[in-house]
2 protein chains.
Amino acid sequence: MADLCVNLVPLFNALPQDEKMQIEKLVQHKNYQKGEVIIDPTINDNLVIVADGNAKQYTLDEDGYENVLQILHTGDYIGEDWLFGQENINNYVEATEHSEICLLKRQDLLKLMHKQPELSIRLLELNIVKVSEMQKQIHLLALPKVEDRLLKYLQTYADEIGKNNFTLPLKMKDLALYLGTTPETLSRKFALLKKQGQLKRQLRRIELFEN
Amino acid sequence: MADLCVNLVPLFNALPQDEKMQIEKLVQHKNYQKGEVIIDPTINDNLVIVADGNAKQYTLDEDGYENVLQILHTGDYIGEDWLFGQENINNYVEATEHSEICLLKRQDLLKLMHKQPELSIRLLELNIVKVSEMQKQIHLLALPKVEDRLLKYLQTYADEIGKNNFTLPLKMKDLALYLGTTPETLSRKFALLKKQGQLKRQLRRIELFEN
DNA sequence: TAGGTGACTTGACTGTTATCAAGATACTAG
DNA sequence: CTAGTATCTTGATAACAGTCAAGTCACCTA
């Protein structure tokens, strides 16, 4: 394994390394065969991190029909919501191939937090920062013009990673959805911004110019 | 004072009454005259709750020009961001009339949290729920059509308060801004939804029909 | 009750964006 | 290397939303 499981989860992202290590110690590494169920409604207090492999999250409707919500690839994770508070009703996660999974139990994390109040205070801090950033992003998305939304998105992303040239983390189609528009319009807007000299672009490779 | 200051702040909203009381004990009540500065960059670790009166939040630009960011009325508050982590640079809050203000110091709250890990864990839980709700809202705002955004907003609000008829908490103008549109368009969209039989409406009084 | 103010609505017009269809470009597997 | 597929781009058109202006309605105060 190249990296700590804990490093894959945004909730823990900005924690200092030593605190991450403490959490990492609580993590169980497990191997699952294709078709094995990792999470079902009776076991609903785990954070599930896919260290290697693939899994699917799904619910079952009253007819017993499977409803796939999400495909989890290597590096994806699920359960941040229900690790605290949120109920997990009718939620399944199943390995779709042989996979290495990291599990973090709610109770274990809570225990650690009780022992070290600092940890939960820090997590709270990080989370509040996250909320205020999301609020900014909500304002961003409320901009009426697509080109404004796009530019603002790019600038925000550049700020986050601290570079002016980067590769877009999303496909055009997904970025379009994210920005509340269509791939076609997005394509045109990229062309527009390029013409205005605000950026250079080769497919998903972007170079932003400051103004 | 009709209510506890703590009850006015969303961060604490869902806490049980006894935990709220503990926080309330840490709150300082102070009266400010018109023009008095409540917060400046040297005093930046307070949560400010306006129990009665009005205040304004502003920054100063390099020319010393005042830049009003927000008007705080009775019941509004400010500082959730910088109570943890976030830096407060160049941020001022000033009473615009005689006002009763509640102040909660960062250090006091942190101390309480250290004594009672439960509290910060609970705050963390609440905050994570908030994040997952905001994520839903971001998806909502990314809907391309205003009528879809409006309807979704109304449905979400109805779900939250558990009623199908309610009074809108915002003025049309503000709701328009919030949904990334204009009051005019909003007005037309309300008319459209009414014509489609999705709701009844008298000004801000809404009755939603299920589908 | 009357007059005034701010909030909301309606109309006409313009600019922007979604949609549909076709074409170009990159990616993948054989 | 090539065929096949998915992704992205471009064009034409129609639907949609923003803007400005004028009007209506509700609410507050005298």
Side-chain angles (χ1 to χ4, degrees), chain A residues 54 68 70-71 73-74 96-97 138-154 157 165-208, chain B residues 54 68 70-71 73-74 96-97 138-154 157 165-208:
Chain A
N54 291 294
V68 177
Q70 209 183 345
I71 303 293
H73 304 287
T74 300
T96 53
E97 58 177 65
I138 284 178
H139 280 125
L140 182 168
L141 288 172
L143 290 174
K145 284 191 166 185
V146 172
E147 60 212 80
D148 294 339
R149 298 205 287 273
L150 174 57
L151 190 56
K152 200 111 193 187
Y153 168 80
L154 294 174
Y157 187 68
N165 52 0
F166 50 84
T167 302
L168 283 175
L170 288 84
K171 288 184 211 162
M172 293 294 266
K173 193 182 125 199
D174 295 326
L175 182 57
L177 274 175
Y178 182 73
L179 294 178
T181 184
T182 58
E184 294 94 329
T185 299
L186 205 56
S187 184
R188 289 180 240 266
K189 291 309 173 182
F190 265 118
L192 176 68
L193 291 177
K194 190 175 170 184
K195 202 175 129 201
Q196 292 178 348
Q198 312 235 39
L199 53 78
K200 266 192 194 167
R201 173 180 179 233
Q202 178 108 22
L203 237 345
R204 255 169 261 169
R205 182 99 215 127
I206 306 286
E207 180 174 0
L208 256 191
Chain B
N54 290 295
V68 177
Q70 209 182 346
I71 302 292
H73 304 286
T74 299
T96 53
E97 59 177 62
I138 284 178
H139 280 125
L140 181 168
L141 287 172
L143 291 174
K145 284 190 169 187
V146 172
E147 60 211 79
D148 293 338
R149 298 206 287 273
L150 174 56
L151 191 57
K152 200 108 193 193
Y153 168 79
L154 294 173
Y157 187 69
N165 51 0
F166 51 84
T167 302
L168 284 176
L170 288 83
K171 288 185 212 161
M172 293 294 267
K173 194 182 123 198
D174 296 325
L175 181 58
L177 274 175
Y178 182 74
L179 293 178
T181 183
T182 58
E184 293 95 328
T185 299
L186 204 56
S187 184
R188 289 181 239 265
K189 291 309 174 182
F190 264 118
L192 176 69
L193 291 177
K194 190 175 168 186
K195 200 176 131 199
Q196 293 177 347
Q198 312 236 40
L199 54 79
K200 265 192 196 167
R201 173 181 179 229
Q202 180 108 21
L203 237 346
R204 254 168 263 168
R205 182 98 217 130
I206 307 288
E207 180 174 359
L208 257 191

Let's go through B:Thr167 and B:Arg205 carefully: what are the C-alpha distance in whole Å and the side-chain angles of both, what is the deciding distance for side chain to side chain donor-acceptor pair (under 3.5 Å) to 0.1 Å, and is it a yes or a no? CA-CA 4 Å; B:Thr167 302; B:Arg205 182 98 217 130; 2.4 Å; yes
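Between B:Ala176 and B:Thr182, the shortest heavy-atom distance links the atoms CB-C, 3.4 Å. Taking both residues in full, the closest heavy atoms of B:Leu208 and B:Leu151 are given as CD2-CD1, 4.2 Å, listed atom of the first, atom of the second, then distance. Residue B:Leu168 comes nearest to B:Leu154 through the heavy atom pair CD2-CD2, 3.8 Å, listed as atom of the first residue, atom of the second, then distance.
Rounded to 10 degrees, the angle separating the terminal helix axes of the helix from C:dT1-D:dA30 to C:dG30-D:dC1, each built from five base pairs, is 50°.
Counting non-hydrogen atoms under 4.0 angstrom, B:Arg149 reaches nothing in the nucleic acid.
Phosphate contact (OP1/OP2 of D:dC8, side-chain N/O of A:Ser187, threshold under 4.0 Å): absent. Side-chain N/O atoms of B:Lys145 include one lying less than 4.0 angstrom from OP1 or OP2 on D:dC16. Taking side-chain N and O atoms only, A:Thr185 has a distance below 4.0 Å to OP1 or OP2 of C:dA18. OP1 or OP2 of C:dT17 sits under 4.0 Å from a side-chain N or O of A:Lys189.
The interatomic distance linking A:Lys173 (NZ) with C:dC27 (C1') rounds to 16 Å, in whole Å. The distance between atom CG of B:Leu192 and atom P of D:dC16, rounded to the nearest whole Å, is 9 Å. Rounded to an integer number of Å, the gap from CZ of B:Phe190 to P of D:dA17 is 14 Å. B:Leu186 places its CG atom 15 Å from the P atom of C:dA7, with the value rounded to the nearest Å. Put simply, CG on A:Leu143 is 14 Å from C1' on D:dG18, counting in whole angstrom units. As rounded to whole Å, 12 Å separates atom P of C:dC27 from atom NZ of A:Lys171. Residue B:Lys195 contributes atom NZ, which lies 12 Å from atom P of C:dT10 at whole-angstrom precision. Rounded to an integer number of Å, the gap from A:Met172 CE to C:dC27 C1' is 16 Å.
Identified under the ring pair (Phe, Tyr, Trp, His ring centres under 6.0 Å) test for residues 166-188 of chain A, with sequence neighbours left out: A:Tyr153-A:Tyr178, A:Tyr157-A:Phe166.
In this structure the side chain of B:Leu179 never reaches within 4.5 angstrom of the side chain of B:Val146, judged on heavy atoms.
In this structure, the side chain of A:Arg149 engages the main chain of A:Gly180 through a donor-acceptor pair within 3.5 Å. Remark: side-chain polar atoms of B:Arg201 are not paired, donor with acceptor, to backbone N or O of B:Ile206 under 3.5 angstrom.
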Could you run down nucleotides 20-29 of chain D 5' to 3' and tag each one B, S or - for protein heavy-atom contact under 4.0 Å? B-----S---
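The residue from A:Lys195, A:Lys200, A:Gln196 that alone fulfils the side-chain hydrogen bond (donor to acceptor under 3.5 Å, both in side chains) condition with A:Gln198 is A:Gln196.
For the pair B:Arg201 and A:Val146, nearest-nucleotide mapping onto DNA chain C gives the more 5' position to B:Arg201.
Of the listed nucleotides (C:dT9, D:dA17, D:dG18), D:dG18 has the atom at the smallest distance from the side chain of A:Pro144. Checked against D:dG18, D:dT7, C:dC8, the side chain of B:Thr181 finds its nearest nucleotide in D:dG18.
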